[in-house]
Protein chains: 2
Amino acid sequence: MPTKPLSRARIVAAAIDLIEREGADAVSMRRIAAELGVGVMSLYNHVPSKDALLSGVAEAVLSEIEFTDDPGAHWADRVRVQARAFRQIASLYPRSTMVVVSRQLHSAAGLLPVERALATLRSAGFDGAEAVSMLRVFIAYIVGSLLREVGVTPAFAPVSAPAVPSAGVDPALFPEVGAMASLLGTCDHEEEFEFGLEMLIQAATARAPGGGQTGGQTGKQVSREGTR
Amino acid sequence: MPTKPLSRARIVAAAIDLIEREGADAVSMRRIAAELGVGVMSLYNHVPSKDALLSGVAEAVLSEIEFTDDPGAHWADRVRVQARAFRQIASLYPRSTMVVVSRQLHSAAGLLPVERALATLRSAGFDGAEAVSMLRVFIAYIVGSLLREVGVTPAFAPVSAPAVPSAGVDPALFPEVGAMASLLGTCDHEEEFEFGLEMLIQAATARAPGGGQTGGQTGKQVSREGTR
DNA sequence: AGAGTTGCACGTACGCTGTACGGCGGTCAA
DNA sequence: TTGACCGCCGTACAGCGTACGTGCAACTCT
């Protein structure tokens, strides 16, 4: 038994490991092969292309989401749990998250979260169209948040990294940005994520058939047999 | 007058043009040079690296956002206008949007939208910390939405493209997904975007110092001091 | 047991990439 | 006129993804 027999799973694992250690740019077939101590072309016996390998990475990362869904809980709490589970992979595999997010994956790995989320939203009383739209909104928010956390945030980070947080921008041109430079420069990602999540849940609650009387637990959710 | 003198702007414009025509993967220094009818290395007299060029692309695209901000309008309407302006670039330069979104840019081009947005949120009565948090939420949602529209959506598109919209998934494993396959397969991006935008605005309204008497719904939800 | 088939690992090679380096021609100041 | 400069270019190098052919091991069938 000289070496393990080199399977697709082992290749994907090596790729994830390499991405996390040296970034997605460092990933090349030669590099991965060297990491595994095999020839470059041996990889192609298990993976049809580099693109497919990256899809495999996305799938593997995505499939590690832990869903401890409790169908008996209030739907809002179930949404919270699922959103956080989704976000948790970003902290486990920060650099791979970019790969996951910037990739259209056509596998069933991404379907299970959708299934759970739809069931949850349906249990809140939303009809099909509403549930789908709402799911899309939540996903958009989560993906956008992960993108920021991963560090590849789009528009407003320049204040933090390049320019000095507390200065560096012309206060005459950008008075607001200048005044809040310190706030813009720092960000508690978890707190920020929760903040937006609560906003969305609140908005969803207001749109739920139950209406806006959500003061307490309500406890009146129909919860009609979640699955099947 | 043989040819125009080849400036950074012309190079960036050619890059954008090429991205839109053939996708971001087709972009190479040689390709762009050929497009402009010059030698490859001539580009490096105006652009330090390919990475900087792509940053230039992001900056150029971002700077084309038209902000017709009316400080007299209701803040909610101003938020709507700004969010739509931001989204509009995705329809103008769909494929370049991926470049913009997946790139940390350190220029002032991305600062102006931030300035405008902060001013708007401040005018709604939010203090600095609230305005910044809320801005981040809106940006996360917008970025996530654009990512989906551009076609690189993350998790739940597989239903549409690969599997037949109205079938193809095992209804036993994924009953909800199966039942709503047709809904998941089609998406009116504009309508979807507006839907989430209204959700966020409603949630923001409920958190505004003015209180929640705007929409009529929402009712309680004191939302004391944002974070929990 | 021998023959045939299959599957995996590998080396080589091709066309592509980004870019460091040096040369070449034209314009302008002295 | 001469020298300096600047924009343009060709060459070269290391690295990329992967198409192709070869050889070795194990398994199946007669």
Side-chain angles (χ1 to χ4, degrees), chain A residues 1-60 95-96 98-99 102-106 152, chain B residues 1-60 95-96 98-99 102-106 152:
Chain A
M1 57 167 72
T3 63
K4 296 269 289 292
L6 183 59
S7 64
R8 172 187 166 103
R10 248 164 56 82
I11 296 177
V12 168
I16 293 181
D17 195 61
L18 194 113
I19 291 178
E20 292 306 326
R21 278 189 291 113
E22 308 195 21
D25 295 341
V27 175
S28 78
M29 299 304 266
R30 288 168 161 82
R31 196 83 171 64
I32 294 177
E35 210 86 9
L36 290 168
V38 300
V40 192
M41 293 316 289
S42 308
L43 304 177
Y44 285 91
N45 288 319
H46 306 267
V47 166
S49 70
K50 182 188 182 182
D51 203 69
L53 199 171
L54 291 181
S55 291
V57 167
E59 186 177 343
R95 318 183 85 154
S96 302
M98 261 309 287
V99 178
S102 52
R103 180 158 291 272
Q104 175 104 262
L105 63 138
H106 311 298
V152 201
Chain B
M1 52 154 78
T3 62
K4 295 269 289 289
L6 183 59
S7 65
R8 173 186 164 101
R10 249 163 55 83
I11 296 177
V12 169
I16 293 181
D17 195 59
L18 195 126
I19 291 178
E20 292 307 325
R21 276 188 292 116
E22 307 195 20
D25 295 339
V27 174
S28 79
M29 298 304 265
R30 288 174 224 272
R31 197 81 172 64
I32 295 177
E35 210 85 6
L36 290 167
V38 300
V40 190
M41 293 315 289
S42 307
L43 303 176
Y44 285 89
N45 290 318
H46 308 268
V47 167
S49 70
K50 183 188 183 182
D51 203 69
L53 198 169
L54 291 181
S55 290
V57 167
E59 186 176 344
R95 318 182 85 155
S96 303
M98 262 308 287
V99 178
S102 55
R103 178 157 293 268
Q104 175 103 263
L105 62 137
H106 311 298
V152 200

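Here is the naming used below: chain letters follow the sequence lines, and residue numbers restart at 1 for every chain.
One atom, CD1 of A:I32, and another, P of D:dC16, lie 11 Å apart when rounded to the nearest Å. Distance, A:I11 CD1 to C:dC8 P: 11 Å, rounded to whole Å. In this entry the distance linking CG of B:L43 with P of C:dT17 reads 13 Å, nearest Å. The nearest whole Å value for the distance from the CE atom in A:M29 to the P atom in D:dG17 is 7 Å. Spacing between atom CZ of A:R31 and atom C1' of D:dG17 amounts to 16 Å, rounded to whole angstrom units. Distance, B:L6 CG to D:dG7 P: 10 Å, rounded to whole Å. Here the C1' atom of nucleotide D:dC8 and the CZ atom of B:R8 are 19 Å apart, to the nearest Å. Atom CG of B:D25 and atom P of C:dG15 are 21 Å apart (whole Å).
The minimum heavy-atom distance between A:V27 and A:K50, with the atom names listed, is O-NZ, 3.1 Å.
When distances are taken from the side chain of A:M41 to each of C:dT19, C:dT12, C:dA9, the shortest belongs to C:dT12. Of the candidates D:dT11, D:dG17, C:dC10, D:dG17 carries the atom nearest the A:K50 side chain, counting heavy atoms from C-beta on. Minimum atom distance to the side chain of A:V38 is reached by C:dC10, of the listed C:dG18, D:dT11, C:dC10.
Side-chain N or O atoms of A:H46 include none that pairs as donor or acceptor with a backbone N or O of A:I11 at under 3.5 Å.
Contact between the side-chain N/O atoms of A:H46 and the OP1/OP2 oxygens of C:dG7 is not found at any separation under 4.0 Å. The phosphate of C:dT17 (OP1 or OP2) has a side-chain N or O of B:S28 nearer than 4.0 angstrom.
Between B:S49 and A:S42, the residue whose closest nucleotide on DNA chain C is further toward the 5' end is A:S42. When each of A:D51 and B:N45 is assigned the nucleotide of DNA chain D with its nearest heavy atom, B:N45 is the one assigned upstream, toward the 5' end.
Looking at A:R30, its side chain has no donor and acceptor atom pair within 3.5 Å of the base of D:dG15.
With contacts defined as side-chain heavy-atom distances shorter than 4.5 Å, the pair A:V40/A:I32 does not qualify.
At a threshold of 4.0 Å, the pair A:R10-A:E35 does not count as salt-bridged, since none of the basic side-chain nitrogens sits closer than that to a carboxylate oxygen. Between B:E22 and B:R95 there is no salt bridge, since no side-chain N of the basic residue sits under 4.0 Å from a carboxylate O of the acidic one.
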